[in-house]
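Just so it is clear: chains get the letters A, B, ... in the order the sequence lines come, proteins before strands, and each one is counted from 1. Just so it is clear, the structure is predicted and the values come from calculations on it, not from any experiment.
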2 protein chains.
Amino acid sequence: MERNGVGILAMDIYFPAACVPQEVLEAHDGASKGRYTIGLGQDCMAYCSEVEDVISMSLTVVTSLLKKYNIDPKLIGRLEVGSETVIDKSKSIKTWLMQIFEESGNTDIEGVDSSNACYGGTAALLNCVNWVESKSWDGRYGLVVCTDSAVYAEGPARPTGGAAAMAMLIGPNAPISFESKYRASHMAHVYDFYKPDLSSEYPVVDGKLSQTCYLMALDSCYRQYLGEQFSISDADYCVFHSPYNKLVQKSFARLYFNDFMRNCSSVDNDAKEKLQPFANLTSEESYQSRDLEKASQQVAKHLYDIKVQPSTLLPKQIGNMYTASLYAALASVIYNKHSSLGGQRILMFSYGSGLTSTMFSLKLHDGQHPFSLINIASVLDVTTKLESRHETSPEKFIETLKLMEHRYGAKDFETSKDTSLLPQGTFYLTKVDSMYRRFYEKKAVKGKIKGCNGIANGH
Amino acid sequence: MERNGVGILAMDIYFPAACVPQEVLEAHDGASKGRYTIGLGQDCMAYCSEVEDVISMSLTVVTSLLKKYNIDPKLIGRLEVGSETVIDKSKSIKTWLMQIFEESGNTDIEGVDSSNACYGGTAALLNCVNWVESKSWDGRYGLVVCTDSAVYAEGPARPTGGAAAMAMLIGPNAPISFESKYRASHMAHVYDFYKPDLSSEYPVVDGKLSQTCYLMALDSCYRQYLGEQFSISDADYCVFHSPYNKLVQKSFARLYFNDFMRNCSSVDNDAKEKLQPFANLTSEESYQSRDLEKASQQVAKHLYDIKVQPSTLLPKQIGNMYTASLYAALASVIYNKHSSLGGQRILMFSYGSGLTSTMFSLKLHDGQHPFSLINIASVLDVTTKLESRHETSPEKFIETLKLMEHRYGAKDFETSKDTSLLPQGTFYLTKVDSMYRRFYEKKAVKGKIKGCNGIANGH
């Protein structure tokens, strides 16, 4: 069987309709002006209403992807989920998604959930690609789902929340294919962000440590790339896991600093001069130096605008989507640049606290309908989806989080079933019974009930 | 790079030293005589003391495997963990294991945790095998760890607990290799056993439903095999996920009944006569019929003794090890039959509630030292390990479980650090600090401290 150019054939994204503008939130929180918008670099934050969760979002996005790319559910041979939002400690999210496939009589679908913080989606993706390249591939498609709801206790981390589910179809001859030559990982044991309080949805976070771990992991992976004579000029776009945009800015600057330290030709003379004062810092000092941070961001700015900025659309508008963040950033590049990506390379950096990280490379091709970059951009339909959202007050956001604190791990309750904000075709939670069993419904698609037309509009 | 015959090169197992004989437990519980020993088919149940958990067990078994097979930690390129025992909802068990590899400077190790009930180990194993067969394989070994502690609330499920960690080294030219032709999965959405109460270590279980789901999944997978003209006579051994031995007996009888229904030549005339009265049962009736259960077990008994019984040693002595159960059963066959396995085939059935299941086939070869069946059997050293255990009273077992109920998800405590029952070289938990960070120590290896000899004896 043909299995060259294995990678991503198709993508779709779902994110909640409710969001809070960061400018309003920082004012509400009494934070200094620009603390969230410039300090974190974020525009807006999506959050799940009380009828949405990681299961409902992934039911929606999988159903939507299959429909929009016209994929027979029987043609899926592997389904893997990446998530760090635990609703059940034993039953995988993948098994809830099996409902979609059981309907068509397809129960022969390998794969379960992969988990390590924000890295689980990358693990699922790499597993799916490996499956297609392995002897046990049966010629069918793989399907990867990244689904998370990022919520934080009151405090400085709260504005770094977000929520979304991504679905990606995997197979050969993909418009977004893996370059297996460029792959480097850095894995270690640290307590930078973790979820040991099992009864709470909120993590324990050491923000400063987590940022340093992220940058150290980035360095470690990139050093393996440099061994292959790689520099920033070899990548047309750099896509980073994005807990908040500021860290993405720092990350790109850090790669640039690495290029400088290796004396790469990608670093111009002006930049060399400005970075020279930092050339003798120890590794540890370099992570702590604010001056280096500023100088490297400044000299890298012109390249950031070209190579990174196109990836920041969804992460800045939605917030941290944990496992989905990196792939929402990739989707942003596809959406923004689809007509000029053929032949280009995207450098990807995936990070999950704890910690696990991998740098890998994607090669872009225009592709053939329905698996073309232009069609993926059209299905993603990012602008329409963002514009049809509902901005809510910080009070409404906080009220929802309070309610969810009580509902997390709870049983025997019904939701409001208020679907007014949800697009047609969206799955939503109706109740959790006395045995903790969860029940979902799908918001009717207009016209479909009357049999007039069967077109779902998404949102 | 050579990549034929990918599979299991080496195995090791760790299980807690403390255990309760089922005969004593059933008397203590006031259950009728034979309820646990014959009704469940179990001999003994291992349980974690307060200084052991899934992390300590996997630290122990990985260290032990690397040492006993003399594997340089730098030669590991992928490490995947299967577990359903959640200690942290975000940080993977794999990241704790990275400590072993960081010491030798190896942080470039892909893989995270795979989770769906007892199936996570199989997911990890299949992922690792696919990696070796994929384009991104870098020539190093994969390592799969299955680690679980199965504990239940007071009630009928409690005697079906157990605990263990298995480690398996993955690579080409393996003495235990995958036959990718024979692979069938059945996945569906059910609530037979799950863990929705996040603050409790105990699952919610519907025992009767779970047994039916298990047998239905078994049928569904086996039917795909039958499409390949497969019958029981094509397998030299049948190894099943073993929550308790009685279900293994029922499962083999069920395969035999399937062979009968397809009129396979493996079913003799006497058996045909005895099963004929059940030939017209509906599928649903067949799962509920006690008479069929009895009749099929009786006619399959002579084959069970040959093809299944050798796999039951560790599962009957330790109890349910969740993700490790299937592989402890495989290890039992290797241990019991290592000298006669060359050229033979083992049929494997993996089940995880929720549900996910896969049937697959392994082909056995004598192999070459250290990756030979005879050396694997020697490292497993099952009899010595079982004989050096400590039988405790049911009261001690219950007291430990009570203590662990308080410790589950807790912070800021120290353990007793009592390592008297632990073999040398075993990792154990010393404390969990106020930030929920967990600290482990390794029990000293005699002589090593004095520098006299560096040999760890395991247990």
Side-chain angles (χ1 to χ4, degrees), chain A residues 84 86-92 94-96 98-99 102 107-117 119-120 123 126-127 129-131 133-136 178 180 183-191 193-199 203-204 220 224 353-356 358 408-409 411 435-437, chain B residues 84 86-92 94-96 98-99 102 107-117 119-120 123 126-127 129-131 133-136 178 180 183-191 193-199 203-204 220 224 353-356 358 408-409 411 435-437:
Chain A
E84 61 160 289
V86 171
I87 286 183
D88 191 286
K89 292 182 294 177
S90 171
K91 184 173 159 63
S92 63
K94 183 261 177 82
T95 62
W96 269 281
M98 281 310 301
Q99 293 172 95
E102 285 175 73
T107 59
D108 182 20
I109 303 183
E110 288 187 6
V112 294
D113 291 5
S114 289
S115 62
N116 186 86
Y119 183 88
L126 298 181
N127 285 339
V129 167
N130 289 346
W131 172 68
E133 291 176 353
S134 79
K135 281 188 185 157
S136 56
F178 278 74
S180 50
R183 175 99 66 96
S185 292
H186 179 80
M187 313 269 182
H189 166 57
V190 290
Y191 289 102
F193 162 114
Y194 49 119
K195 293 181 175 170
D197 181 356
L198 302 171
S199 60
V204 172
S220 175
Q224 296 176 57
S353 292
L355 65 86
T356 56
T358 297
Y408 187 64
K411 60 179 173 179
M435 294 294 290
Y436 296 95
R437 289 174 296 205
Chain B
E84 62 160 289
V86 171
I87 285 183
D88 191 285
K89 293 182 294 178
S90 171
K91 184 174 159 62
S92 62
K94 183 260 176 84
T95 61
W96 269 281
M98 282 310 301
Q99 293 173 94
E102 285 176 74
T107 60
D108 182 19
I109 303 184
E110 288 188 6
V112 294
D113 292 5
S114 290
S115 62
N116 185 88
Y119 183 88
L126 298 181
N127 285 339
V129 167
N130 289 345
W131 172 69
E133 291 177 354
S134 79
K135 281 187 185 155
S136 56
F178 278 75
S180 49
R183 175 97 68 95
S185 292
H186 178 81
M187 312 271 181
H189 166 56
V190 289
Y191 288 102
F193 163 113
Y194 48 120
K195 293 180 176 172
D197 182 356
L198 302 171
S199 60
V204 172
S220 175
Q224 296 175 57
S353 292
L355 66 86
T356 56
T358 297
Y408 187 64
K411 60 179 171 178
M435 295 293 290
Y436 297 96
R437 288 175 296 204

Seminar exercise, completed: In this structure, NZ of A:K411 is separated from CG of B:D197 (nearest 0.5 Å) by 7.5 Å
For this session: Quick one: which of A:G409, A:S199, A:G354, A:P196 has the most heavy-atom pairs under 4.5 Å with chain B, could you say?
Result: A:P196
Problem set entry | Proximal component of A:A184, with respect to chain B [non-hydrogen, under 4.5 Å] | backbone
Problem set entry | Choice from A:R437, A:M435, A:K94 maximising heavy atom contacts with chain B below 4.5 Å | A:R437
For this session: Name the region of A:V190, side chain, backbone, both or neither, that has any atom closer than 4.5 Å to a heavy atom of chain B.
Result: backbone
For this session: With a 4.5 angstrom heavy-atom cut-off, could you sort out which part of A:E102 is near chain B: side chain, backbone, both or neither?
Result: side chain
Exercise. Atom CG in B:D88, atom OH in A:Y191: separation rounded to 0.5 Å?
Worked result: 8.0 Å
Exercise. Using 30° and 60° as the class limits, which term best fits the ring planes of B:H189 and A:W96: parallel, tilted or perpendicular?
Worked result: tilted
Exercise. Is chain B contacted by the side chain of A:V86, its backbone, both, or neither, given a heavy-atom distance below 4.5 Å?
Worked result: both
Exercise. How long is the gap from OG1 on B:T356 to CG on A:D113, to the nearest 0.5 Å?
Worked result: 9.5 Å
Exercise. Rounded to the nearest 0.5 Å, how far apart are CG of A:L126 and OG of B:S134?
Worked result: 9.0 Å
Problem set entry | Distance (rounded to the nearest 0.5 Å) between B:M187 CE and A:T95 OG1 | 10.0 Å
Exercise. Does a donor on one side chain and an acceptor on the other come within less than 3.5 Å for B:H186 and A:T107?
Worked result: yes
Problem set entry | Partner chain B: residue of A:A188, A:S114, A:S220 with the largest heavy-atom pair count (under 4.5 Å) | A:A188
For this session: Please report the closest heavy-atom contact between A:E110 and B:S185, naming both atoms and the distance.
Result: CG-OG, 3.5 Å
For this session: Taking all heavy atoms of B:S90 and all of A:E84, pick out the closest pair and write down the distance.
Result: OG-OE1, 3.7 Å
Exercise. Tell me, side chain or backbone of A:Y119 under 4.5 Å from chain B's heavy atoms, or both, or neither?
Worked result: side chain
Exercise. Out of A:S115, A:A117, A:A123, which one racks up the most heavy-atom pairs below 4.5 Å with chain B?
Worked result: A:S115
Exercise. How long is the span from the CG atom in B:L198 to the OH atom in A:Y436, to the nearest 0.5 Å?
Worked result: 8.5 Å
Exercise. Can you tell me if A:N130 and B:S136 form a side-chain donor-acceptor pair at under 3.5 Å?
Worked result: yes
